[in-house]
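None of the values given here were measured: they were computed from a predicted structure.
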Amino acid sequence: MGEALSVSPALDPCVHCGFCLPACPTYLATGDESDSPRGRIVLMRALARGELAADDAAVIEHIDHCLGCRGCEPTCPSGVEYGRGLESTRAWLAERNGIPPLARLTLAVFGHRWLWWPILTVARWIRDLGLAKLLSGNGRIGFGFASLAASRGLGPASASDPSPSEPPAGRPSVQIFTGCVMSTLFGHVNDATGRVLEANGHRCRSPGGQVCCGALHAHAGDLPAARRLAEVNVRAFGGSTGTIVVNSAGCGALLKDYGHLLGTPEAARFAARVRDVSEVLAEAGPRSGAAIRGRVAYDAPCHLQHAQHVHDEVLTMLTAVPSLTVTLAPGTDRCCGSAGIYSLLSPGMSRAVLAAKVDRLKYEPPELVATGNPGCLMQIGAGLAVAGIDARAVHPVELLDASYRAAGFYR
């Protein structure tokens, strides 16, 4: 039978008040109490007491339908750590029921660099050749290609009135976490991150031996694989000091939680060093670049605003781009439906959650939607394309990079 599920003390403060309901995208999509944080907590507690079986199909469905966006946590007056309870429940269910075949296959790919590197490289070729855009559509496969097409970069801005100047002096050296999807499909964002940081006086390097952060595995309940990957990353950065910069919200949330995941002093020291690129730039104040005119709606990634509690820093970073009009996207506090491999495993619910976000953007469509997570970039970008909205999804650091290039900061 194995050990009983223990979700305490994470869920103990819950008094079932219901404040979380309007913050839950899946509850709003279905109207089913069991698809809300309050309802899922009832199910988790019933599992812990042995009142429900681990192989109960309905229970598994409702737990699996959770996006793990943690949008319920800021609205909870009791301070319930819902994410902790969900993580332990999914790991407990995975131990007893196994991980579904499609999820297991996907996690196996991202668990090994020799698998994800060539697969994502080929995907990048398909995108760059224009095949992904050509095959895009509204169906499941077509939407997958639309997501791949949406991963292309903003492209460099042409130089105008270049005014090269020396970057600020005395800013500390940093190490960049390269990731898996970010180093392949979004290599242009990693490159932009390095250029922007160096233009602001930081010396950058990326230690070798890095692997996937393990967030996909942790969210799916495969904690052993997540811990194995985390241990590799802790060793990869073990010989260095200073800030570890990450530009993927999902990666950053787990990297900052390595101390909890591994429970070692080394992991805790690693986690304390991790900062989102927007935090690093906002702390010292980013240099202003050349003017770029345009309307940008910022859509905050769930794992940046809810898990890492980073929000205003991104807006501060974007103020360094003169003439750029930045607003908050409607429903920026709610998930887009990507949630790691969720869109692959639960495409119907994923699209339903996305539809609510895209529908709001139809009324006053911006030229660009900025968001700092690869899954969000692909999900929102595909949603915009399929809905016929003439807008693109970009990473915020790409906008600063384009502004700096136009200002002549890069030689």
Inset, instruction - Using the six-membered ring wherever Trp is involved, compare the ring planes of H112 and W114 and label them parallel, tilted or perpendicular (cut-offs 30° and 60°). - result: tilted
Legend entry - Charged N-O contact under 4.0 Å between R203 and E198: no
Legend entry - Close side-chain approach of R90 to C66, heavy-atom, < 4.5 Å: yes
Legend entry - Carboxylate-amine/guanidinium contact D55 R96, below 4.0 Å: no
Legend entry - Side chains of Y342 and D64, donor plus acceptor under 3.5 Å: no
Inset, instruction - For the pair E73 and R70, find out whether any cationic side-chain nitrogen is under 4.0 Å from an anionic carboxylate oxygen. - result: yes
Inset, instruction - Spell out, as yes or no, whether a donor-acceptor pair under 3.5 Å connects the side chain of R205 to the backbone of S173. - result: no
Legend entry - Residues R84 and D257 bridged, charged N to O under 4.0 Å: yes
Inset, instruction - Decide whether N247 and D276 meet the rule of one side-chain donor and one side-chain acceptor closer than 3.5 Å. - result: no
Inset, instruction - Answer yes or no: is there a donor N or O on one side and an acceptor on the other, between the side chain of R127 and the main chain of S151, under 3.5 Å? - result: yes
Legend entry - Any side-chain heavy-atom pair of F270 and L255 under 4.5 Å: yes
Legend entry - Side-chain donor-acceptor contact under 3.5 Å, Q379 with S350: yes
Legend entry - E279/R273 ion pair, N-O < 4.0 Å: no
Legend entry - Polar side chain donor-acceptor pair, T371 to D299, under 3.5 angstrom: no
Inset, instruction - Give a yes or no answer on whether the side chain of D333 reaches the backbone of G71 with a donor-acceptor pair at less than 3.5 Å. - result: no
Inset, instruction - Return yes if some donor-acceptor pair links the side-chain N/O of S323 with the main-chain N/O of A291 below 3.5 Å, else return no. - result: no
Legend entry - Test item: R45 side-chain N/O and L11 main-chain N/O as donor-acceptor pair under 3.5 Å: yes
Inset, instruction - Would you mind checking if R40 and D35 are paired as a salt bridge, meaning a charged N to carboxylate O distance below 4.0 Å? - result: yes
Inset, instruction - State, without any angle test, whether N138 and R351 hold a side-chain donor-acceptor pair at a distance under 3.5 Å. - result: yes
